[in-house]
Amino acid sequence: MIFQIDKTIYEQLSETERYIVDFISQNEDKISYLSITNIADKTFSSPATVSRTIQKCGFKGIAELRYLISKEDKDKSKNVSPYAINKLLDKVYQESTQTIENIPIPAILKAIDHINNAEKIFIYARGFTAMFAEHFQMYLQLMGYNAVVVKDVKWMEQTKNLVTSTDTVFVLSVRNTTPELAQSLRVARHIGARTVVCCCKSMTELEKYADVVLIGHSNVIMEEKGLTVYSHLPLLIITETIINYLSTDAEAL
(Lines give C-alpha, C1' and ligand atoms only; values in the text may rest on other atoms or scores of the structure.)
Protein backbone atom coordinates (compact mmCIF):
# COMPACT_ATOMS: atom_id res chain seq x y z
CA MET A 1 0.00 0.00 0.00
CA ILE A 2 1.38 3.41 -1.06
CA PHE A 3 -1.02 5.65 0.83
CA GLN A 4 -0.03 5.26 4.46
CA ILE A 5 -0.06 7.97 7.10
CA ASP A 6 1.43 8.30 10.56
CA LYS A 7 -1.11 8.05 13.38
CA THR A 8 0.02 11.36 14.89
CA ILE A 9 -0.56 13.20 11.60
CA TYR A 10 -3.91 11.46 11.11
CA GLU A 11 -5.13 12.63 14.52
CA GLN A 12 -4.24 16.23 13.65
CA LEU A 13 -6.39 16.21 10.52
CA SER A 14 -9.87 17.67 10.40
CA GLU A 15 -12.88 15.38 10.11
CA THR A 16 -13.17 16.09 6.37
CA GLU A 17 -9.47 15.43 5.81
CA ARG A 18 -9.71 12.12 7.68
CA TYR A 19 -12.65 11.13 5.51
CA ILE A 20 -10.55 11.87 2.40
CA VAL A 21 -7.63 9.83 3.76
CA ASP A 22 -9.96 6.91 4.54
CA PHE A 23 -11.52 7.08 1.09
CA ILE A 24 -8.14 7.02 -0.66
CA SER A 25 -6.87 4.20 1.55
CA GLN A 26 -9.96 2.08 0.93
CA ASN A 27 -10.00 2.78 -2.82
CA GLU A 28 -6.31 2.83 -3.65
CA ASP A 29 -6.85 0.54 -6.64
CA LYS A 30 -9.18 3.14 -8.20
CA ILE A 31 -7.16 6.30 -7.47
CA SER A 32 -4.99 5.91 -10.59
CA TYR A 33 -8.11 6.57 -12.67
CA LEU A 34 -9.58 9.44 -10.63
CA SER A 35 -9.03 13.17 -10.94
CA ILE A 36 -8.81 15.42 -7.91
CA THR A 37 -12.34 16.63 -8.73
CA ASN A 38 -13.62 13.03 -8.77
CA ILE A 39 -12.16 12.43 -5.31
CA ALA A 40 -13.65 15.70 -4.03
CA ASP A 41 -17.11 14.75 -5.31
CA LYS A 42 -16.94 11.30 -3.72
CA THR A 43 -15.80 12.70 -0.36
CA PHE A 44 -18.20 15.67 -0.35
CA SER A 45 -15.30 18.09 -0.17
CA SER A 46 -13.47 20.46 -2.54
CA PRO A 47 -10.47 19.94 -4.86
CA ALA A 48 -8.48 22.38 -2.69
CA THR A 49 -9.20 20.33 0.44
CA VAL A 50 -8.23 17.09 -1.30
CA SER A 51 -5.00 18.65 -2.56
CA ARG A 52 -4.13 19.98 0.90
CA THR A 53 -4.85 16.62 2.51
CA ILE A 54 -2.66 14.73 0.04
CA GLN A 55 0.19 17.15 0.70
CA LYS A 56 -0.22 16.73 4.47
CA CYS A 57 0.26 13.01 3.88
CA GLY A 58 3.69 13.62 2.37
CA PHE A 59 2.93 13.76 -1.36
CA LYS A 60 3.60 16.72 -3.64
CA GLY A 61 0.15 16.43 -5.16
CA ILE A 62 -2.39 14.19 -6.88
CA ALA A 63 -0.06 13.62 -9.85
CA GLU A 64 2.66 12.09 -7.70
CA LEU A 65 0.17 10.01 -5.68
CA ARG A 66 -1.48 8.56 -8.80
CA TYR A 67 1.89 7.88 -10.39
CA LEU A 68 3.26 5.99 -7.36
CA ILE A 69 0.08 3.96 -6.93
CA SER A 70 -0.10 3.01 -10.60
CA LYS A 71 3.63 2.24 -10.63
CA GLU A 72 3.11 -0.32 -7.89
CA ASP A 73 0.11 -1.86 -9.64
CA LYS A 74 1.24 -1.59 -13.27
CA ASP A 75 0.40 -4.49 -15.51
CA LYS A 76 2.62 -4.58 -18.57
CA SER A 77 0.35 -7.08 -20.27
CA LYS A 78 -2.37 -4.48 -20.63
CA ASN A 79 -2.55 -2.33 -23.74
CA VAL A 80 -3.91 0.61 -21.78
CA SER A 81 -2.01 1.22 -18.57
CA PRO A 82 -2.83 3.90 -15.97
CA TYR A 83 0.81 3.67 -14.97
CA ALA A 84 1.95 4.93 -18.38
CA ILE A 85 -0.47 7.86 -18.32
CA ASN A 86 0.27 8.80 -14.72
CA LYS A 87 3.99 8.58 -15.40
CA LEU A 88 3.58 11.11 -18.22
CA LEU A 89 1.38 13.36 -16.07
CA ASP A 90 3.96 13.27 -13.29
CA LYS A 91 6.63 14.21 -15.84
CA VAL A 92 4.54 17.22 -16.92
CA TYR A 93 3.95 18.13 -13.28
CA GLN A 94 7.68 18.05 -12.49
CA GLU A 95 8.48 20.09 -15.60
CA SER A 96 5.90 22.73 -14.67
CA THR A 97 6.92 22.84 -11.02
CA GLN A 98 10.63 23.21 -11.76
CA THR A 99 9.93 25.98 -14.28
CA ILE A 100 7.73 27.91 -11.85
CA GLU A 101 10.16 27.48 -8.95
CA ASN A 102 13.08 28.74 -11.05
CA ILE A 103 11.39 31.89 -12.35
CA PRO A 104 12.95 34.95 -10.68
CA ILE A 105 10.11 37.39 -9.98
CA PRO A 106 12.27 40.53 -10.54
CA ALA A 107 13.17 39.19 -14.00
CA ILE A 108 9.50 38.64 -14.91
CA LEU A 109 8.64 42.15 -13.74
CA LYS A 110 11.53 43.61 -15.75
CA ALA A 111 10.40 41.73 -18.86
CA ILE A 112 6.91 43.15 -18.37
CA ASP A 113 8.38 46.63 -17.99
CA HIS A 114 10.31 46.18 -21.25
CA ILE A 115 7.07 45.23 -23.00
CA ASN A 116 5.13 48.15 -21.55
CA ASN A 117 7.78 50.67 -22.55
CA ALA A 118 8.41 49.38 -26.07
CA GLU A 119 7.18 51.15 -29.18
CA LYS A 120 7.23 47.79 -30.94
CA ILE A 121 7.80 44.25 -29.64
CA PHE A 122 9.71 41.89 -31.92
CA ILE A 123 9.29 38.23 -30.96
CA TYR A 124 12.08 36.13 -32.47
CA ALA A 125 11.64 32.35 -32.77
CA ARG A 126 12.37 29.45 -35.09
CA GLY A 127 10.85 26.06 -35.95
CA PHE A 128 8.11 24.71 -33.69
CA THR A 129 8.75 27.55 -31.27
CA ALA A 130 7.45 30.04 -33.85
CA MET A 131 3.93 28.71 -33.22
CA PHE A 132 4.24 29.65 -29.56
CA ALA A 133 5.64 33.02 -30.58
CA GLU A 134 2.52 33.64 -32.66
CA HIS A 135 0.37 32.60 -29.71
CA PHE A 136 2.21 35.16 -27.55
CA GLN A 137 1.90 37.78 -30.30
CA MET A 138 -1.86 37.25 -30.65
CA TYR A 139 -2.52 37.98 -26.98
CA LEU A 140 -0.25 41.01 -26.99
CA GLN A 141 -2.04 42.39 -30.03
CA LEU A 142 -5.44 41.80 -28.40
CA MET A 143 -4.28 44.07 -25.58
CA GLY A 144 -3.17 46.76 -28.00
CA TYR A 145 0.57 46.11 -28.14
CA ASN A 146 2.41 46.44 -31.43
CA ALA A 147 3.87 42.93 -31.60
CA VAL A 148 5.60 41.33 -34.58
CA VAL A 149 6.90 37.78 -34.97
CA VAL A 150 10.24 37.30 -36.75
CA LYS A 151 10.66 33.62 -37.65
CA ASP A 152 12.43 33.71 -41.00
CA VAL A 153 16.25 33.68 -40.99
CA LYS A 154 16.36 36.20 -43.85
CA TRP A 155 14.35 38.66 -41.78
CA MET A 156 16.55 38.00 -38.75
CA GLU A 157 19.53 39.03 -40.85
CA GLN A 158 17.78 42.38 -41.37
CA THR A 159 17.49 43.12 -37.65
CA LYS A 160 19.58 46.28 -38.00
CA ASN A 161 16.93 47.63 -40.39
CA LEU A 162 13.92 46.42 -38.39
CA VAL A 163 14.68 47.23 -34.78
CA THR A 164 15.20 50.66 -33.19
CA SER A 165 16.35 51.74 -29.75
CA THR A 166 12.71 52.25 -28.69
CA ASP A 167 11.80 48.61 -29.31
CA THR A 168 11.99 45.38 -27.31
CA VAL A 169 13.30 42.14 -28.78
CA PHE A 170 11.85 39.07 -27.07
CA VAL A 171 13.56 35.79 -28.02
CA LEU A 172 11.77 32.47 -27.49
CA SER A 173 13.91 29.35 -27.81
CA VAL A 174 13.94 25.86 -26.34
CA ARG A 175 17.56 24.84 -26.95
CA ASN A 176 19.03 27.79 -28.93
CA THR A 177 19.95 25.67 -31.93
CA THR A 178 19.55 28.57 -34.38
CA PRO A 179 22.70 30.76 -34.42
CA GLU A 180 20.80 33.62 -36.08
CA LEU A 181 18.87 34.19 -32.85
CA ALA A 182 22.01 35.16 -30.92
CA GLN A 183 23.32 37.17 -33.86
CA SER A 184 20.06 39.11 -34.07
CA LEU A 185 20.02 39.71 -30.34
CA ARG A 186 23.59 41.00 -30.45
CA VAL A 187 22.62 43.49 -33.17
CA ALA A 188 19.51 44.57 -31.26
CA ARG A 189 21.55 45.12 -28.12
CA HIS A 190 24.09 47.19 -30.09
CA ILE A 191 21.27 49.35 -31.46
CA GLY A 192 20.10 50.02 -27.92
CA ALA A 193 16.88 47.99 -27.93
CA ARG A 194 15.68 46.25 -24.78
CA THR A 195 16.30 42.50 -24.93
CA VAL A 196 14.54 39.57 -23.24
CA VAL A 197 15.43 35.89 -23.58
CA CYS A 198 13.09 33.06 -22.66
CA CYS A 199 14.92 29.76 -23.12
CA CYS A 200 14.92 26.22 -21.72
CA LYS A 201 18.68 25.86 -21.71
CA SER A 202 20.99 27.90 -19.50
CA MET A 203 24.43 29.29 -20.31
CA THR A 204 23.74 29.85 -24.02
CA GLU A 205 25.15 32.67 -26.12
CA LEU A 206 21.76 34.35 -25.95
CA GLU A 207 22.39 35.34 -22.33
CA LYS A 208 25.36 37.49 -23.35
CA TYR A 209 23.06 39.95 -25.08
CA ALA A 210 19.99 39.84 -22.84
CA ASP A 211 18.81 42.42 -20.31
CA VAL A 212 16.43 39.80 -18.92
CA VAL A 213 16.89 36.02 -18.88
CA LEU A 214 14.03 33.62 -18.09
CA ILE A 215 14.99 29.95 -17.98
CA GLY A 216 12.46 27.10 -18.09
CA HIS A 217 12.91 23.38 -17.46
CA SER A 218 12.14 21.31 -20.57
CA ASN A 219 12.01 17.52 -21.01
CA VAL A 220 12.41 15.47 -24.17
CA ILE A 221 9.04 14.55 -25.68
CA MET A 222 10.17 12.29 -28.48
CA GLU A 223 13.04 11.23 -30.69
CA GLU A 224 11.86 10.53 -34.21
CA LYS A 225 13.62 10.43 -37.60
CA GLY A 226 16.85 11.77 -36.17
CA LEU A 227 15.12 14.67 -34.40
CA THR A 228 14.99 15.22 -30.66
CA VAL A 229 11.85 17.16 -29.74
CA TYR A 230 11.69 19.02 -26.43
CA SER A 231 8.62 20.23 -24.60
CA HIS A 232 7.52 23.83 -25.15
CA LEU A 233 5.40 23.85 -22.00
CA PRO A 234 7.92 25.97 -20.01
CA LEU A 235 7.81 28.70 -22.67
CA LEU A 236 4.02 28.63 -22.51
CA ILE A 237 4.04 28.89 -18.72
CA ILE A 238 6.35 31.91 -18.77
CA THR A 239 4.60 33.77 -21.59
CA GLU A 240 1.15 33.01 -20.13
CA THR A 241 2.32 34.43 -16.79
CA ILE A 242 3.36 37.63 -18.55
CA ILE A 243 0.11 37.83 -20.53
CA ASN A 244 -2.02 37.25 -17.45
CA TYR A 245 -0.19 39.95 -15.53
CA LEU A 246 -0.51 42.44 -18.38
CA SER A 247 -4.22 41.72 -18.78
CA THR A 248 -4.96 42.08 -15.07
CA ASP A 249 -4.86 45.26 -13.08
CA ALA A 250 -1.90 44.69 -10.72
CA GLU A 251 -3.75 46.63 -8.03
CA ALA A 252 -6.50 43.99 -8.05
CA LEU A 253 -4.18 41.00 -7.65
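- Screening residues 54-66 for side chain to side chain donor-acceptor pair (under 3.5 Å) gives E17-K56, R66-N86 as the qualifying pairs, with residues at least two apart or on separate chains.
- No donor-acceptor contact under 3.5 angstrom links the side chains of T16 and S14, judged on distance only.
- Evaluated for a salt bridge (charged side-chain N to carboxylate O under 4.0 Å, His left out) with D211, the options R189, K110, R194 yield exactly one hit, R189.
- For A118 against T168, the heavy-atom pair with the smallest separation is CB-OG1, 3.3 Å.
- A donor-acceptor pair shorter than 3.5 Å can be found between the side chains of S35 and N38.
- Here the side chain of T129 pairs no donor or acceptor atom with the backbone of A125 at under 3.5 angstrom.
- Distance check: I20 CD1 to T43 OG1 gives 4.5 Å after rounding to the nearest 0.5 Å.
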Walk me through it: do T195 and Y209 pass the test side chain to side chain contact (heavy atoms under 4.5 Å, CB included)?
-> CA-CA 7 Å; T195 54; Y209 313 113; 5.5 Å; no
Is there a side chain to side chain contact (heavy atoms under 4.5 Å, CB included) between I121 and V148 once you walk through the steps?
-> CA-CA 6 Å; I121 303 152; V148 178; over 6 Å; no
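- The minimum heavy-atom distance between N219 and H217, with the atom names listed, is OD1-NE2, 3.3 Å.
- For S173 and N176, the side-chain atoms include no donor-acceptor pair closer than 3.5 Å.
- You'll find the ring centres of Y67 and Y93 outside the 6.0 Å limit.
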Decide yes or no on side chain to side chain contact (heavy atoms under 4.5 Å, CB included) for V197 and V212, but give the supporting numbers first.
-> CA-CA 6 Å; V197 166; V212 181; over 6 Å; no
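- Ring geometry for H232 versus F132: interplanar angle under 30°, hence parallel rather than tilted (30 to 60°).
- Take S218 and apply the side-chain hydrogen bond (donor to acceptor under 3.5 Å, both in side chains) test, not counting sequence neighbours, and it matches no residue.
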Under the side-chain hydrogen bond (donor to acceptor under 3.5 Å, both in side chains) rule, what do S247 and N244 come out as? Steps first, then yes or no, please.
-> CA-CA 5 Å; S247 64; N244 274 282; 4.7 Å; no
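- I123 and A147 make their closest contact through CD1-CB, 4.4 Å (heavy atoms, listed as atom of the first residue, atom of the second, distance).
- Remark: the backbone N or O of A133 is not paired with any side-chain donor or acceptor of Q137 at under 3.5 angstrom.
- For the residue pair Y10 / D22, a side-chain donor-acceptor distance below 3.5 Å is found, with atom types taken as modelled.
- Contact check on D152 versus R126 returns no salt bridge, with no Lys/Arg side-chain nitrogen under 4.0 Å from an Asp/Glu carboxylate oxygen.
- Panel note: side chain D167, backbone K120; a donor-acceptor pair is recorded below 3.5 Å.
- Counted by atom type alone, S46 and T49 present one or more donor-acceptor pairs between their side chains at under 3.5 Å.
- The backbone N or O of L233 lies less than 3.5 Å from a partner atom in the side chain of S231, making a donor-acceptor pair.
- Annotation for I215: hydrophobic cluster partners, listed by chain and number, are V213 (ILVMFWY side-chain heavy atoms under 4.5 Å, direct or chained).
- Through direct or relayed side-chain contacts under 4.5 Å between Ile, Leu, Val, Met, Phe, Trp and Tyr, F44 connects to Y19.
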Run the salt bridge (Lys or Arg N to Asp or Glu O under 4.0 Å) check on K151 and E134 step by step: do they pass?
-> CA-CA 10 Å; K151 57 183 179 180; E134 290 170 345; 2.6 Å; yes
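- Residues V163 and A188 come closest through the heavy atom pair CG1-CB, 4.5 Å.
- In the hydrophobic clustering, L227 connects to no other residue, as no ILVMFWY side-chain heavy atoms lie under 4.5 Å from its own.
- Among all heavy-atom pairs drawn from C200 and L235, the shortest one is SG-CD2, 3.9 Å.
- Between atom CD of residue Q158 and atom OG of residue S184 there is a gap of 10.0 Å, rounded to the nearest 0.5 Å.
- Y145 and N116 form a side-chain donor-acceptor contact under 3.5 Å, judged by distance and modelled atom types alone.
- S51 meets the side-chain hydrogen bond (donor to acceptor under 3.5 Å, both in side chains) test with no other residue; sequence neighbours excluded.
- Without hydrogens or angle criteria, D113 side chain to L109 main chain gives no donor-acceptor distance under 3.5 Å.
- Nearest heavy-atom pair across I191 and T159 is CD1-O, 4.1 Å.
- For the pair N117 (side chain) and H114 (backbone), a donor-acceptor distance under 3.5 Å is absent.
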